[in-house]
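Every chain is numbered from 1 and lettered A, B, ... according to where its sequence line falls, protein lines coming before strand lines.
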Amino acid sequence: MRIASFNINGIKARLPAVTEWLNETRPDVAILQEIKTVDEGFPREPFEDMGYNVATHGQKSFNGVALLSKYPLEDVTRDLPGAEGAGREGADDTEARYIEATVVGDAAVRICGLYLPNGNPAPGPKYDYKLKWMARLEARARDLLASEQPFLMAGDFNVIPQAEDAARPEAWRDDALFLPQTRAAFRRLTNLGLTDALRARTGAPGLYTYWDFQRGAWQRDDGIRIDHLLLSPQCADLMTDCQIDKDIRAREKPSDHTPIWIELAA
DNA sequence: ATGGTCGCCGAGCGA
């Protein structure tokens, strides 16, 4: 089972690029971030015509996540648990950043698709929201770990885990993506026993998933690794490959991110 | 030091 994650930066602008990528790489499951539309605005038909089941959690203009799967999407849930006042008016998290579903191939895998808050500027309320969100994600990981079912958390974490994950780490020193508190919160996830799939496969530096549209970042390979696949122990046992589709970033009208994928014996 | 680029939509915000 091949599972890919891709921050597409707007489905309305990216539909041709996304369908081309899917046709070429044929992932069984695609985890999308920043669809930037309400559910009704998401073009389900092109994906359904390619054999994908579709589940979205959208909002107007910003954020939004989606799951595409050749297997049925079972027990779909939206929103990360733990928001204060969740489900009521005035709840403190109204942003569409999280979706979960179970897919069953040779084994059942719980898929958690996420678009973690950027958090800039830091310090400030946006950074506080990011750290709270990461604490809620840790709590969700603890609950899923207790169930001992294979699961993975995948998406745009907006976290540069270590200096080697940036071409110019000094440029990110005061950024919400790289501040010590951010990296510590990410480390709490891996310390729970979740495996950073790409790092488990290779220690090579210079592997990035995002290059800014500005300042010729792509041309200079001035990138950062912020899109991650974190695997539960039972899921990591099944991994046979993990790679970044770097060439997608070089195409016409690209997203500023590029896909990352894993192959599971499931 | 500043400005540089995208996508959302139709002004400015978020990244």
Side-chain angles (χ1 to χ4, degrees), chain A residues 5-21 30-44 46-47 56-66 80 92-98 113-134 137 154-161 165-179 181-183 185-186 208-228 246-260:
Chain A
S5 173
F6 191 8
N7 180 324
I8 60 174
N9 193 10
I11 188 57
K12 291 169 186 177
R14 211 69 60 213
L15 184 58
V18 173
T19 52
E20 183 181 64
W21 162 66
I31 303 158
L32 307 180
Q33 302 87 43
E34 284 206 271
I35 63 173
K36 292 190 171 182
T37 181
V38 293
D39 294 331
E40 299 72 32
F42 190 87
R44 304 174 68 95
F47 301 112
T56 61
H57 183 200
Q59 74 178 79
K60 184 179 166 65
S61 298
F62 301 115
N63 309 314
V65 289
L80 183 60
D92 76 346
D93 190 357
T94 56
E95 301 186 6
R97 297 180 173 276
Y98 192 82
L114 64 101
Y115 175 48
L116 208 146
N118 176 296
N120 282 304
K126 291 191 173 182
Y127 193 56
D128 295 340
Y129 172 58
K130 177 178 196 151
L131 293 178
K132 273 189 190 173
W133 209 95
M134 294 185 83
L137 189 63
D156 178 357
F157 281 71
N158 270 313
V159 175
I160 304 167
D165 298 310
R168 296 186 305 126
E170 70 282 0
W172 299 92
R173 192 191 59 195
D174 301 320
D175 194 283
L177 279 60
F178 192 58
L179 282 172
Q181 281 187 86
T182 305
R183 289 184 277 137
F186 185 82
Y208 310 129
T209 64
Y210 169 89
W211 297 260
D212 200 293
F213 284 128
Q214 302 184 61
R215 291 171 245 118
W218 167 250
Q219 288 74 15
R220 298 151 54 137
D221 197 24
D222 181 11
I224 52 177
R225 190 172 74 93
I226 57 174
D227 298 270
H228 307 296
K246 188 174 181 181
D247 63 295
I248 299 297
R249 182 64 177 78
R251 298 193 180 180
E252 284 294 304
K253 217 170 153 48
S255 169
D256 40 6
H257 296 250
T258 203
I260 178 171

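Distance check on atom P: B:dG14 versus B:dG10 gives 15 Å, rounded to whole Å. B:dG3 and B:dG7 have their P atoms separated by 22 Å, given to the nearest Å. Comparing the P positions of B:dT2 and B:dC6 gives a spacing of 23 Å, expressed to the nearest Å. Spacing of C1' atoms, B:dA15 relative to B:dG4, comes out at 14 Å, to the nearest Å.
A donor-acceptor contact closer than 3.5 angstrom is absent between the side chains of A:N120 and A:K126. In summary, the side chains of A:D221 and A:W211 do present a donor paired with an acceptor at a separation below 3.5 Å, with no hydrogens or angles considered. The closest side-chain donor-acceptor pair between A:D222 and A:Y208, if any, does not fall under 3.5 angstrom.
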### Query
Reading nucleotides 5-15 of chain B 5' to 3', which nucleotides get B (base under 4.0 Å from a protein heavy atom), which S (sugar-phosphate only), which -?
BSSSS----SB

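One N or O on the side chain of A:T209 and one on the backbone of A:D227 form a donor-acceptor pair closer than 3.5 Å.
Taking the ring centre of A:F178 as origin, the terminal cationic atom of A:R173 falls outside the region bounded by 6.0 Å and 45° from the ring axis.
A:L131 meets the side chain to side chain contact (heavy atoms under 4.5 Å, CB included) test with A:Y127, A:Q181; sequence neighbours excluded.
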